[in-house]
There are 2 protein chains.
Amino acid sequence: MNKMNNENTVFVEVLTNIFTVEKGKLKILLARKNTEPYKGYWELPNKILSNEETLEETKEKILEETIGTSNIYTEQNYTFSKLDRNPNNRILATSYIGLIDSKTIEIKNKKNENNWEWFTINELPKIAFDHKEVIENATELLKTKLVSANILKKLFPSDFTLPELQEIYENIMNKKLDRRNFRKKFINLGLIEDTGYKSEGRSGRPAKLYRFKETIKETYLF
Amino acid sequence: MNKMNNENTVFVEVLTNIFTVEKGKLKILLARKNTEPYKGYWELPNKILSNEETLEETKEKILEETIGTSNIYTEQNYTFSKLDRNPNNRILATSYIGLIDSKTIEIKNKKNENNWEWFTINELPKIAFDHKEVIENATELLKTKLVSANILKKLFPSDFTLPELQEIYENIMNKKLDRRNFRKKFINLGLIEDTGYKSEGRSGRPAKLYRFKETIKETYLF
DNA sequence: ACAAAAGTGTTAACTTTACACCCATGT
DNA sequence: ACATGGGTGTAAAGTTAACACTTTTGT
C-alpha cells in the first residue's frame, strides 16, 4: 500500500468550536470569510491536517492563532465525512470543542486585531460550509457535558453570580428553575465560594460574586 | 488546492467496536490477523475509507461483512491520528461502537465460517496496532452511555433476567448493588415487563425472564 | 435435606419540589 | 418612592439506602 499509487487518500481539516460564557450567555468564536467560496459568511477557525502532525497538534496551532493560547480545556467531538461538504475538494473534518472563561479571553483579544468575533449561540450569523451542522453538534455535546461541575469551571470566570449560572442552566435545559432551589442546590454542593464582592452595573440589587473552589470533586448536577 | 500536487492527504480507516451482552458479560468482536504485521494478534474489524464513500458507508460495509447486517445501533466514537499508529503508512482511524443483542448474533454467526470471535471485555487477547487503546476508549464511552435506558435496550436480547442486568451494572459501576433496591428501581421505571417465562440451566432457583417494552421513554439510571 | 441463587417489604435518611415575602441598589 | 432584580426558609412529597428471611429449583 503506497500512497502515491493510491487514490484513496483524503484531506482532513480540524475545526474548533471555542466556547465561552459572558453575562449568562453561551458564545462561540467565528471568523469572517473574506474569500470565495462563502465570502462574507462566517466559519469556524480551521486548518488542514499536515502529514507530519496529529489532529491534536493541528488543533493547538489553531488555538494559538485565534485566542493566543492552546492551554485550555479541549475535547474531540466528531469527524464529518460527507462527500460534498466542501465544494472544491474532498475534505474530512474533525471538530473539537474548547472552553475558555471570558476573563481570560478579554486579555487575549486585545493582543490581536481580530477577524474573530463572539456570537451568542442562539443568534448566529450566516455560516459557511457545513459549519452550522458542526456547531450544532458541538453545542449538543457541550450541553450534555455541562451537567458536570468540572466542565462548568472551565467556562466560568473566577467571578460570577448565581443568577448568571442559573440563566445558563435554564437555557441548556430549556425550562425555568426556582431561584431558591437552584441556589440551595449549588451552595450545598460545596463547589463554589463567596468572594465577598458584589456585581455592579445592572439595575436592581447587586448579586454576590462567587468563584469555583480550587479543587472540586467530579459531581453531576441535574 | 489540488490533491495530486499536495502531500497533505492521508489514509483514513474505519474501526468498529461491536459489543454484545451474553450471560451478564459485556463482549466485543475481534478478528485474528493471519498476516504481518501483528500476525496472530487480534484486531478490530476495519476497512480503509475510499474516496467515494463516507465514514458511515464504510462502517456499514464492515458490519455487513462481519455480523451480516448494518441494521444495528451505532455511534461514532473518536478519530485517532498518532503518526506511528500503523508501522507501514500514515493512517488515521475513526472508530465506531455498535450494539447488538446476543440473540440476534447467534443467528448471524451460523451463516459465516468466521475469523471472528467474541471476547469478554476484561479478558482480551493480544491486540494489534493501537487497537487496545481504541477498545478502551470505546468501552469507556459505552459505560457512560449505559446509564441511559435506550442504549441498554439495544444490547439486551428480548429475554433477560434481573440478576444478569444487575451483574452488568455492577461491572460498569464497579460496586455491589443491593438486589432488592435494584429490582425495585428497575421495575418501578416501567421499562421492562415480565415475559412469564423462567431461565433454566443454572443451579439454584430459576430467575424470571424480562423483556424491554416496545416503546420506552429516555430515562437515566444511576 | 442441603446447596445455590432468586424473590420479597419496611423503615429511616436524604433529596427534591413548591411556594411568597423582604432587601439592596439606581433613577 | 418606585422599579428592578437578588436573597432567603419551611414543609410536603418523592427517592434512595439499609437491612434479613423465605422460596424455588437441582442434586
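Reminder, nothing fancy here: chain letters follow the sequence lines and each chain counts from 1.
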Base contacts versus sugar-phosphate-only contacts with protein, heavy atoms under 4.0 Å: please encode nucleotides 9-21 of chain D as B, S and - from 5' to 3'. BB------BBBB-
side-chain hydrogen bond (donor to acceptor under 3.5 Å, both in side chains) against Arg205(A), all qualifying residues, sequence neighbours excluded: none
With a 3.5 Å cut-off and no angle check, do the side chains of Thr161(B) and Ser199(B) form a donor-acceptor pair? no
Scan Glu65(B), Glu64(B), Glu56(B) and name whichever one has a side chain to side chain donor-acceptor pair (under 3.5 Å) with Ser70(B). Glu64(B)
NZ of Lys198(B) versus C1' of dA4(C): gap in Å, rounded? 16 Å
Hey, can you tell me if Phe119(A) and Trp42(A) have their rings parallel, tilted or perpendicular (30° and 60° cut-offs)? perpendicular
Please confirm whether the ring centroid of Tyr210(A) lies under 6.0 Å from the ring centroid of Phe186(A). no
Each stem that DNA chain D is part of, given as range with range (3 or more consecutive Watson-Crick or G-U pairs, under 3.5 Å): C:1-27 with D:1-27
Hey, mind stepping through Asn188(A) and Lys185(A) against side-chain hydrogen bond (donor to acceptor under 3.5 Å, both in side chains) and telling me if it holds? CA-CA 5 Å; Asn188(A) 285 344; Lys185(A) 176 161 189 166; over 6 Å; no
Over how many whole Å does the gap from Glu167(A) atom CD to dG5(D) atom C1' extend? 12 Å
Within this structure, what is the CZ-to-P distance between Phe182(A) and dT16(C), rounded to whole angstrom? 13 Å
Rounded distance (Å) that lies between atom P of dA5(C) and atom CG of Leu165(B): 19 Å
Results of side chain to side chain contact (heavy atoms under 4.5 Å, CB included) for Lys126(A) - residues two or more places apart only: Tyr41(A)
Asn77(B) and Ser95(B) side chains, donor-acceptor separation under 3.5 Å: yes
Electrostatic pair Glu170(B):Arg179(B) at N-O distance under 4.0 angstrom: no
Can you tell me the distance, in whole Å, between the CD atom of Glu164(A) and the C1' atom of dG7(D)? 16 Å
Quiz: residues 31-39 of chain A side-chain donor-acceptor pairs under 3.5 angstrom, not counting sequence neighbours:
residue  : atom : partner  : partner atom : Å
Lys33(A) : NZ   : Pro37(A) : O            : 2.9
Glu36(A) : OE1  : Tyr38(A) : N            : 3.4

First locate atom CG of Leu155(B), then atom CG of Leu99(B), and finally report the distance between them rounded to the nearest 0.5 Å. 4.5 Å
In numerical order, the residues of residues 203-211 of chain B whose heavy atoms come under 4.0 Å of DNA chain C are Ser203(B), Gly204(B), Arg205(B), Pro206(B), Ala207(B), Lys208(B)
Tell me: CG of Leu177(A) to P of dT17(C), nearest whole Å? 9 Å
